[in-house]
2 protein chains.
Amino acid sequence: MSTEHPQEDAIDVLQQLGLKEYEAKCFVGLARVSTGTAKQLSEITDVPRTRIYDAIRVLEAQGLVEIQHTSPQQFRAVPLAEATETLRSQYENRIERLTNALEQAEKIESDDKGSVQEVWAMSGKKAIENRTFNLLDDADSEIVLVLGDDSLLTDKLVARLNARTDDVDVLIGAATSPLQTKIRELIPDATTFVSGLEWLRDESAPSDSLAIGRLLLVDRSTILVSTLIPESGEENAIFGGGFQNGLIVISRRLLSQGLLASKDPN
Amino acid sequence: MSTEHPQEDAIDVLQQLGLKEYEAKCFVGLARVSTGTAKQLSEITDVPRTRIYDAIRVLEAQGLVEIQHTSPQQFRAVPLAEATETLRSQYENRIERLTNALEQAEKIESDDKGSVQEVWAMSGKKAIENRTFNLLDDADSEIVLVLGDDSLLTDKLVARLNARTDDVDVLIGAATSPLQTKIRELIPDATTFVSGLEWLRDESAPSDSLAIGRLLLVDRSTILVSTLIPESGEENAIFGGGFQNGLIVISRRLLSQGLLASKDPN
DNA sequence: CACTAATTCACTCAGTTAATCACAAAAACC
DNA sequence: GGTTTTTGTGATTAACTGAGTGAATTAGTG
């Protein structure tokens, strides 16, 4: 994706990274001309001539652009590798400051009568994958994972799963049998199966058109279920723990009836 | 620095990372209470209660907060490690998209009658350091570097310099003799000296109070000179190339008169 | 010196965000 | 059941920021 209008893409990303529209346009423009004056830049970026200077100044202050103080001034972009390196350090620095500040911020004791029935919702592919990793790492005895889509079987996920196969029982289900084959290749030490949960697919709400994403049950006491929005690729999940938890009870029942896969059939 | 008001710092950084004020405040608030309702959050963050919900929703969509859909709703922050990991992937993803897009964006040929007298200005400690690295890596025969301040002698810089000592002649000057000692320890294979450029210090404009930062001359044909603003720690540099370049001519003259340090005195 | 290009500065307009309010729905209380 | 409080949503206003424009200043050029 995003190969249609390279410059617009670049402008978007730069804005997401905190640049203003004019700044982003100027940088992208400069990335294409090796060197240029305000006039030239204004022509290729359609940023008003008179505001090129402001934009360039802030780019310069961020270490993304160099200025030749002649008349007319010449501008040029720092080489791409240097620019991304600069942006990277800026980012690392922010994360570090954030971590420090948050660790120092004093915690408030809250009379936290956390019910055992807690069910939490979260979204974002990355965030859900991270949570999945944490759950996998914390598993004590058993991991049951069902994947509804190839796209979820990332390299990192494979690695984490393989890291646990000697420790705990790893059962992995797939929505389709091609996917099962793939899983069997990548994670040879896991027990694999085809989900037996076809009812999860295309059933409930045809209008919303949701697809099952992952279903993870760890130690039969913590569960994470996610759905995928086919168009956008976004992922939403719910997540719960505790033996009393209704979700978990259901999952355990499914498991005991062989609809998922049982660790030991006899 | 920045240890006085941890929560404000965290809020600032989060805003720099793209969150709105309310979103940042909510996240920091949640980072302190393990779990909370809209009311509680509004009390500790002084975000208007009725706006908590919006803020939390966008945090949730970014994978930074979890929601328990009870009544009243409960919110909690994703563990800090997961949060930063999520932010990191977001950043990596952006950099990658940026790189792709910029590489695809077609270049424009510009009748680039680049004068040999070019002198470029750039700012930002990181950007200047990166440029320094590149120059060091590209050196063919000789590196002359004078450092005006300890803070510039970073680990990375030491590593890069050491990497070139067998390849090319490396001459390193220091503003003070303690600094020289330090350099001699860290980069044993380089020739070191005390700058002999005392006139660079505290001389020109006492009001602006600038300090010399680095002075780098590579292959006697490319030069980078930087100044430090003592209070803010910011660094500004000029940078030029070409044998005809006035700056370079001056530097070569200084060198030949022994004011810097000459590779071969006879 | 006159004229053009380059640069800066001040200002308008529009979109976004912060902040407040009014209201409906749900829980808690009596 | 009826009343009061809490919770959540939506609309509205005010403040701010950024995009866009033009006038005023400065620097080059013939």
Side-chain angles (χ1 to χ4, degrees), chain A residues 7-8 11-30 33 35-62 65-76 110-111 113 115 117 120-121, chain B residues 7-8 11-12 14-30 33 35-62 65-76 110-111 113 115 117 119-121:
Chain A
Q7 32 259 42
E8 275 103 29
I11 292 169
D12 282 352
V13 176
L14 285 168
Q15 288 191 262
Q16 289 169 15
L17 287 168
L19 297 189
K20 306 303 172 200
E21 180 181 333
Y22 285 170
E23 295 157 16
K25 283 183 175 174
C26 282
F27 184 78
V28 174
L30 277 181
V33 287
T35 185
T37 65
K39 190 178 179 189
Q40 296 173 288
L41 253 191
S42 144
E43 280 157 8
I44 59 176
T45 60
D46 57 54
V47 170
R49 236 188 322 276
T50 64
R51 318 262 358 246
I52 296 276
Y53 304 98
D54 308 66
I56 293 286
R57 259 194 288 276
V58 348
L59 288 173
E60 200 263 358
Q62 303 211 10
V65 159
E66 293 163 47
I67 301 180
Q68 192 176 8
H69 288 287
T70 50
S71 181
Q73 293 179 297
Q74 293 273 117
F75 311 119
R76 78 176 177 197
S110 56
D111 25 311
K113 47 186 186 299
S115 122
Q117 284 274 12
W120 295 89
Chain B
Q7 31 259 44
E8 274 100 17
I11 293 170
D12 283 352
L14 285 169
Q15 287 191 263
Q16 288 170 14
L17 287 168
L19 297 191
K20 306 305 173 199
E21 181 183 334
Y22 285 171
E23 295 157 16
K25 283 183 175 175
C26 282
F27 184 79
V28 175
L30 277 181
V33 287
T35 186
T37 66
K39 191 181 178 188
Q40 297 174 289
L41 254 191
S42 144
E43 279 156 8
I44 59 175
T45 60
D46 56 53
V47 171
R49 187 187 59 83
T50 62
R51 306 274 80 215
I52 296 276
Y53 303 98
D54 308 66
I56 293 286
R57 259 194 287 276
V58 348
L59 288 173
E60 200 264 357
Q62 303 211 13
V65 159
E66 294 164 45
I67 301 179
Q68 192 176 8
H69 289 285
T70 50
S71 178
Q73 293 180 305
Q74 293 273 115
F75 311 119
R76 77 177 179 198
S110 56
D111 24 312
K113 48 186 184 303
S115 123
Q117 284 275 14
V119 177
W120 296 90

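Letters A, B, ... are given to chains in the order of the sequence lines, protein chains preceding strands, and every chain is numbered from 1.
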K.L.:
Would you tabulate the pairs of protein nitrogen or oxygen atoms and nucleotide nitrogen or oxygen atoms of nucleotides 24-26 of chain D closer than 3.5 angstrom?
P.N.:
none

K.L.:
So, the side chain of B:Gln62 versus the backbone of B:Leu59: is there a donor-acceptor pair under 3.5 Å, distance only?
P.N.:
no

K.L.:
If you assign each of B:Ala38 and B:Arg51 to its closest nucleotide in DNA chain D, which residue comes earlier from the 5' end?
P.N.:
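In this pair, the answer is B:Ala38.
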
K.L.:
When you measure from the side chain of B:Thr37 to the backbone N and O of B:Gln74, does any donor-acceptor pair fall under 3.5 Å?
P.N.:
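It does not hold such a pair.
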
K.L.:
Specify the closest pair of heavy atoms between B:Ile67 and B:Gln73, including all atoms of both residues, with the distance to one decimal.
P.N.:
CG2-NE2, 4.0 Å

K.L.:
Under 4.0 Å between any heavy atoms, over every strand shown, what does A:Pro72 touch: base, sugar-phosphate, or nothing? Just pick one.
P.N.:
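Answer is sugar-phosphate: A:Pro72 comes under 4.0 Å of backbone atoms only.
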
K.L.:
Looking at the side chain of A:Ser71, which of D:dG20, D:dG28, C:dA26 is the nearest nucleotide?
P.N.:
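The answer is D:dG28, which lies nearest to the side chain.
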
K.L.:
Which nucleotide in the list D:dA19, C:dA19, C:dA18 gets nearest to the side chain of B:Lys20?
P.N.:
C:dA18

K.L.:
Over all strands shown, is A:Arg49 touching base, sugar-phosphate only, or nothing at heavy-atom distances under 4.0 angstrom?
P.N.:
nothing

K.L.:
Using 0.5 Å steps for rounding, measure from the CZ atom of A:Phe75 to the CD atom of A:Gln68.
P.N.:
10.5 Å

K.L.:
Tell me which of B:Thr50 and B:Glu21 sits closer to the 5' end of DNA chain C, going by the nucleotide each one is nearest to.
P.N.:
B:Glu21

K.L.:
Can you check the A:Gln74 CD to D:dG28 C1' distance for me, whole Å?
P.N.:
15 Å

K.L.:
Nearest of D:dA19, D:dT7, C:dA6 to any side-chain atom of A:Tyr53?
P.N.:
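From the listed options, C:dA6 comes nearest.
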
K.L.:
Rounded to whole Å, please give me the gap between NZ in A:Lys39 and P in D:dG28.
P.N.:
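A:Lys39 atom NZ is separated from D:dG28 atom P by 17 Å.
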
K.L.:
Quick test of your reading: applying side-chain hydrogen bond (donor to acceptor under 3.5 Å, both in side chains), list the pairs with at least one residue in residues 46-58 of chain B, sequence neighbours left out, ordered by first then second residue.
P.N.:
B:Arg51-B:Asp54

K.L.:
Just grab all the side-chain hydrogen bond (donor to acceptor under 3.5 Å, both in side chains) pairs involving residues 13-29 of chain A, residues at least two apart or on different chains.
P.N.:
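Qualifying pairs, neighbours excluded: A:Gln16-B:Arg94, A:Gln16-B:Arg97, A:Glu21-A:Lys25.
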
